[in-house]
Enquirer: 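Structure incoming, see below.
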Amino acid sequence: MPDSLYYFTESATMSDLNQQAKPEKNEAAEAEPLLSDEQFAADNPTLLRALRLVDQLFGNAKMVDAPPHFAEKVVIAVSQIQLTSPLVRWLRRYIKFPHP
Amino acid sequence: MHATDQTDKQQEREWVEASRRGDQAAFSQLVKMHQGPIYNLAYRMLNNRVEAEDAAQETFLRAYTNLDRYDLERPFRTWLMSITSNYSIDRLRRRRLTWLSLDEPLPPSTALHSEEEEPEDAIIAQEQTNLIQALLGELAPEYRAAVVLHYWYDYSYAEIAEVLASTESAVKSRLFRARQTLAQKLVANPTGARLLNKMPE
């Protein structure tokens with residue numbers, strides 16, 4: 001497991017998890033009224049076909065599979081977390097908890 | 001709900017509870033159950049296989065270390081999706097300057113074609129795959145997440161809102177605008193323009 005991954009994992013708190021990637025301020029765009037497809041394509045009819053093509057392309061796109069042995073790698077990383085969790089480190093330090 | 005769905009849910013719940021007790025084999029089953037959708041979300045968001053693998057792995061590690069705080073009444077996959085989305089959005093913001101994704105094409109093994117396809121069909125499929133990623137790369141991270149959850153997972157507005165900790169109306173608005181942005185970008189993209197020209201009226 002790379003060091004950076006270890007760092008992220010150990011330092012992740014619930015507040016990190018719950019902290020939503022807050023929407024950035026884009027108030028001007030958000031304030032604009034929503035246009036129907038026809039209004040949107042009023043000046044350029046090609047856009048109407050483009051919308052259909054977007055739906056077709058994205059609607060038919062397939063899932064990309066996880067790489068081989070992904071689950072095994074995760075389990076190895078989990079084992080390493082368990083070995084180095086703050087509680088285990090505390091136990092090792094203060095009550096001579098044996099190393100595995 | 002189908003009986004098999006119910007059984008899967010029950011099995012999933014048992015694995016979650018066992019994982020909370022430190023059973024790594026049970027957690028491994030959870031990873032196998034959800035790795036595909038989680039990796040796909042990360043890949044579609046980040047458009048980079050290495051980063052996607054890292055993000056997917058990080059998702060499972062964060063989930064594992066916070067399992068005791070997971071609400072068992074909530075769908076486990078939705079919870080994982082939230083972690084992946086947030087992590088990917090943050091990561092995208094950190095690399096904002098590299099957004100000009102002259103996109104990394106999918107490896108041949110994961111391209112959207114089957115073994116039986118003719119070479120020409122395979123090339124077209126690969127082109128479309130690259131186009132999709134290029135268009136996604138044009139969207140702001142929150143819009144991108146909403147689009148991926150909508151098209152790939154067929155999530156409802158309510159489900160997307162739950163994953164992104166947003167409201168249904170905000171999600172609806174994002175999807176609406178994102179779709180129109182995608183259409184504009186598609187017209188401006190050479191591959192997109194060519195596909196449009198081939199499209200029947």
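Sequence lines set the chain letters: A, B, ... in the order given, protein chains first and strands last, and positions in each chain run from 1. What you see is a predicted model, and the numbers here were worked out from it, not measured in a lab.
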Enquirer: So A/Pro67 and B/Arg49, do their side chains get closer than 4.5 Å, heavy atoms only?
Expert: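 Counting from C-beta outward, B/Arg49 and A/Pro67 never come under 4.5 Å.
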Enquirer: Within the side chain of B/Gln180, is there an N or O that forms a donor-acceptor pair under 3.5 Å with the backbone of A/Leu35?
Expert: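 Yes, B/Gln180 side chain to A/Leu35 backbone: donor-acceptor pair under 3.5 Å.
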Enquirer: Of the non-hydrogen atoms in B/Leu61 and A/Ala77, which two are nearest, and what is the gap between them?
Expert: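 Scanning both residues completely, I find the closest heavy atoms to be CD2-CB, 3.7 Å.
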Enquirer: Can you tell me how far the CZ atom of A/Phe70 sits from the CD1 atom of B/Ile38, to the nearest 0.5 Å?
Expert: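 The CZ atom of A/Phe70 sits 8.5 Å away from the CD1 atom of B/Ile38.
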Enquirer: How close do A/Ala50 and B/Val187 get, counting heavy atoms only, and between which atoms?
Expert: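 So the two residues come closest at CB-CG2, 3.7 Å.
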Enquirer: Find the one option among A/Leu47, A/Thr46, A/Asn44, A/Leu57 whose heavy-atom pairs under 4.5 Å with chain B are most numerous.
Expert: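 Among A/Leu47, A/Thr46, A/Asn44, A/Leu57, the one with the most close pairs to chain B is A/Leu57.
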Enquirer: Specify the closest pair of heavy atoms between B/Ala183 and A/Leu51, including all atoms of both residues, with the distance to one decimal.
Expert: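 Answer, listing the atom of B/Ala183 first, then A/Leu51: CB-CD2, 3.7 Å.
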Enquirer: For atom CG of B/Asn197, decide whether the heavy atoms of other residues, nucleotides or ligands shown that lie under 6.0 angstrom number more than 12.
Expert: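 Counting other residues, nucleotides and ligands, CG of B/Asn197 exceeds 12 neighbours.
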Enquirer: How far apart are the closest heavy atoms of A/Met63 and B/Pro37, and which atoms are they?
Expert: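 Reported closest heavy-atom pair: SD-CA, 4.3 Å.
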Enquirer: For the interface with chain A, which of B/Phe176, B/Tyr151, B/Tyr153 has the highest count of heavy-atom pairs at distances below 4.5 Å?
Expert: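 Among the listed options, the one with the most contacts to chain A is B/Tyr151.
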Enquirer: Do A/Asp65 and B/Tyr39 make a side-chain contact, defined as non-hydrogen atoms from C-beta onward lying under 4.5 Å apart?
Expert: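 A side-chain contact is absent here, since even the closest heavy-atom pair is not under 4.5 Å.
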Enquirer: Determine whether a donor-acceptor pair (N or O, by modelled atom type, separation under 3.5 Å) exists between the side chain of B/Asn40 and the backbone of A/Val64.
Expert: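 Indeed, once roles are kept as given, a pair shorter than 3.5 Å links the two residues.
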Enquirer: Can you find a pair of side-chain heavy atoms, one from B/Phe27 and one from A/Val74, that are under 4.5 Å apart?
Expert: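 Yes - at least one pair of side-chain heavy atoms lies under 4.5 Å apart.
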Enquirer: What part of B/Gln29 is in contact with chain A, defined as an atom under 4.5 angstrom from a non-hydrogen atom: side chain, backbone, both or neither?
Expert: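 Contact with chain A involves no heavy atom of B/Gln29 at all.
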Enquirer: Flag the one option from B/Arg179, B/Lys185, B/Gln184 with the top tally of heavy-atom pairs under 4.5 Å to chain A.
Expert: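 Greatest number of close heavy-atom pairs with chain A: B/Arg179.
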Enquirer: Pick one of side chain, backbone, both or neither for B/Leu195, based on which atoms fall under 4.5 Å of a heavy atom in chain A.
Expert: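 For B/Leu195, heavy atoms of backbone and side chain both lie under 4.5 Å from chain A.
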Enquirer: Looking at A/Leu53 and B/Gly192, what are the two nearest heavy atoms and their distance?
Expert: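 The pair with the smallest heavy-atom distance is CD2-O, 4.2 Å.
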Enquirer: Using heavy-atom distances under 4.5 Å, tell me whether B/Val148 contacts chain A through its side chain, its backbone, both, or neither.
Expert: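 No part of B/Val148 comes within 4.5 Å of chain A.
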Enquirer: Strictly distance-based, threshold 3.5 Å: is any side-chain N or O of A/Arg49 a donor or acceptor partner for the main-chain N or O of B/Met199?
Expert: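 Here the side-chain-to-backbone pair exists.
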Enquirer: Using every non-hydrogen atom in the two residues, find where A/Ala71 and B/Gln35 come nearest and quote the distance to one decimal.
Expert: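 A/Ala71 and B/Gln35 have their closest heavy atoms at N-OE1, 3.5 Å.
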Enquirer: Fit a plane to each ring of A/Phe58 and B/Trp152, take the angle between them on a 0 to 90° scale, and name the class: parallel (under 30°), tilted (30 to 60°) or perpendicular (over 60°).
Expert: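 A/Phe58 and B/Trp152: perpendicular rings.
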